[in-house]
Structures are given as C-alpha cells and as structure tokens.
Amino acid sequence: MKRRIIAALLATTMAVALTVGCDIKDIGKVVSEKTEKKEDTSAKITIGFSQVGVESDWRLANTDSMKTTFSEENGYKLIVKNAGQKQENQVAAIREFIEEKVDYIVLAPVTEDGWDVVLKEAKDAGIPVIVVDRMVDVSDDSLYTAWIGSDFEMESEKVCAWLKAYADAKGMKEINIAHIQGTEGASAQIGRTDGLETAAKEYGWNIVATQTGEFTKNKGRDAMEAMLKAKSNINVVYCENDNEAAGAIEAIEAAGKTVGPDGDILVLSFDATNDGLKNVLSGKIACDAECNPLHGPRVEDVIKKLEKKEKVDQILYVEEEMFAYDDTVTSVKIGEQEYKVTPVTERVIDERAY
Ligand code: GYE
C-alpha cells in the first residue's frame, strides 16, 4: 500500500511542476510521463493468491474467478501461485508474497492445520490475509482478516436428508454406502464426512467402505474399483466432489454394474459443476449439492471495504442450491430451514457459469 501512496505523491509533484513553470512544448512530455506513472503496476493493488492446485473442475473455476476479477483492467496485479496440493508450497508462496510486499494475501488452504507461524509473519508485515474456500484452524483468529466459503457440513446434511427422504419414498430397505473422501484434513472433507457419519448413525445406514479420492477423478475411480472388489452389497456411493463421482461412475460401469435411480448404485455428490450436473441430467448422479467456487467478486468486495477502511465481516458463508435427477424429493428441511431441490434440465446446466 505504501508504494501506491508514493506513486500518488509523485503524480501530484508532477502536476505541481506543470503549473509552476514548464515550457508549453514540454507539457506533452510531462503529461505522457504522468500517464506512464499511472500505468506503473506499483499504482495497482497487488494481490498474492496461494491456490491449492488443479485437482478438480471446482478448483479451476475458482482460479478463473480470481483471475477475471483481479485483472489489470480492473486495477489489480494478481500473482497466482499454485501449490500442487502441498502445504509447504503454500507456506513458501506466502513468504514470497511477504517479501514482495503485496497489498493483500488471498489463501485457499489445502488443509485446516499448520498456518499459525506463516500467518503471524504476514500479520507482522502488516499484510491482510483473506482466506477463501477451506478454513484455517489457528490459535489466534486475528491472524486472518476474513474468510469466505461454504458450510460444508450443511451441504452434507442436505444430501443426507435427500437420501433419507428418497430411500423412504422408494422403499429402500438397506443402505450400504461406499464413501469416497476428499483430501484428508481439508474443511470440505471434514464437513462432508462428519455430516455423513452423523446421518448414518441416526438413520441406521451402513458405511461399508471408506477410501480417499483426494478430490480427483483418477483417485475416485481407483477408490471405487477397490471398494467394489472388497464389498458386493454397495447400493450408494457418497462422493465428496463431482470429479470423484465421475471416476466412481466409470469404475462402476467397468465392473458391469449400473448407476442411477433404476440401477444398482445411487451416486451422491458435491459441487454441482457443469459436468457434475450433466451427470445429474442423465441420472448417473442422483443428487448433487452445490458448492459455489466463484469467490473472486466476494473477495473484491472485502478488499474494496478494507481500502475504504470500512469494517468487514470476518466469516462469510455462501448461499447454495441443491440439484437432483428427478422430483421424488422436492425439498429438504434442516432445522427450521427448508431447501428446495431443483430437478436438472438443459437450461439449469446452461445457466451454470462453472
Ligand atoms: O468441493 C472440490 C475441490 O474445498 C470446496 O475442493 C473445495 C473442494 C471442492 O477440489 O472439488
């Protein structure tokens, strides 16, 4: 921020020189110098963004949203560092951002733990940190300025409430679930796992096998293949994102079984990306809870407030929808809150930006 103040002072000094005593022929030169100064990147808001990786369609849409929002034309300089799903790379990236004296750090953390030290370094350097998507579990909440993301456990409660209502409506007697988890220790994994385990206890469902799919299609396929070999009674697969679901569907079909409402195995998923919803439209995914990745404008809103020295909410949850193949279940109730379940059509998919 300091550098932007210096740039503004330089511009003012030049304007004064202009009025005080330059030859007319020099004015053009000074004005063009002034314009150049204005275009200098030091006059922009600089943001260092430490991204998890490229593991899923959700992640790509998330990075894209940040890039589109924080473009040069919009007055920003965005430095994106991709961590390849490794926390140590994120810590190194944050240290580089501190070194480069960026104005803001945006962190999409791979896991919740392990941020105290480096976030303290950012705080000591006077750089606000905005956390997006997954949460950080830190001993001192003042180590980050704001967090923007989804209520992952709520997403899970919605999907489980859908399964309960659907199973009751269809007279499904026994529920034997294969559980494909996301990256261990990520908020999305923790929330979606807790939600399922609580519902399984409450409704008497059997979780017959659990394996990580690390939020990727390939690992989702491998996990499903292994679980199908180990257990023959699976009739539901609970995938913690759409990419894992796509892999699981391939493995189920390769094993000669069918997915879908009239098939052998019901597939449940999270994210509701374009490709995820195409699988819902064809019935391959039965129910998909939205997890919205378009955080760019939300982060910009926070930054604009901070620039104006306005107060910002430290925790900001995103509102999300639910989608299903058919209208067997039209809404689910969690506590007092009722959530609509939208049957997927071509139009619903066309309207999705990710
Ligand atoms: O569901 C998954 C991604 O943390 C919400 O990470 C995010 C999850 C998302 O890789 O697709």
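Below, each value reflects all heavy atoms present in this structure, side chains not excepted, and no hydrogens, waters or symmetry copies. In this chain, numbering begins with 1 at the start of the sequence shown. Every number for a ligand or one of its atoms is a count from 1 in the order of the listing.
Separating the CD1 atom in Ile47 from the CD1 atom in Ile303 is a distance of 3.5 Å, to the nearest 0.5 Å.
Among all non-hydrogen protein atoms, the one lying nearest atom 11 (O) of ligand 1 is Asp271 OD2, 2.6 Å. Looking at atom 5 (C) of ligand 1, its nearest protein heavy atom turns out to be Asp133 OD1, 3.2 Å.
The closest approach between any non-hydrogen atom of Ala186 and ligand 1 is not below 4.0 Å. Within the structure, the closest approach of Arg192 to ligand 1 falls below 4.0 Å when heavy atoms are considered.
Aromatic ring centres of Trp147 and Tyr317: separated by under 6.0 Å.
The shortest N or O to N or O distance between Glu55 and ligand 1 is below 3.5 Å. Of the N or O atoms in Trp58, none lie within a sub-3.5 Å distance of an N or O in ligand 1.
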Under 3.5 Å, which donor-acceptor pairs link side chains of residues 168-175 to any protein atom two or more places apart or in another chain?
residue: Asp168; atom: OD1; partner: Lys164; partner atom: NZ; Å: 3.3
residue: Asp168; atom: OD2; partner: Lys164; partner atom: NZ; Å: 3.1
residue: Glu174; atom: OE1; partner: Asn176; partner atom: ND2; Å: 2.9

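The residue from Tyr238, Trp162, Phe152, Phe215 that alone fulfils the ring-ring contact (aromatic ring centres under 6.0 Å, His included) condition with Phe270 is Tyr238. For the pairing with Lys120, the side chain to side chain contact (heavy atoms under 4.5 Å, CB included) check across Val118, Asp124, Val117 returns one residue only, Asp124.
Neither the backbone nor the side chain of Phe270 has any atom closer than 4.0 Å to an atom of ligand 1 (non-hydrogen atoms only).
Listed for the Asp271 side chain is no donor-acceptor partner under 3.5 Å among the backbone atoms of Thr273.
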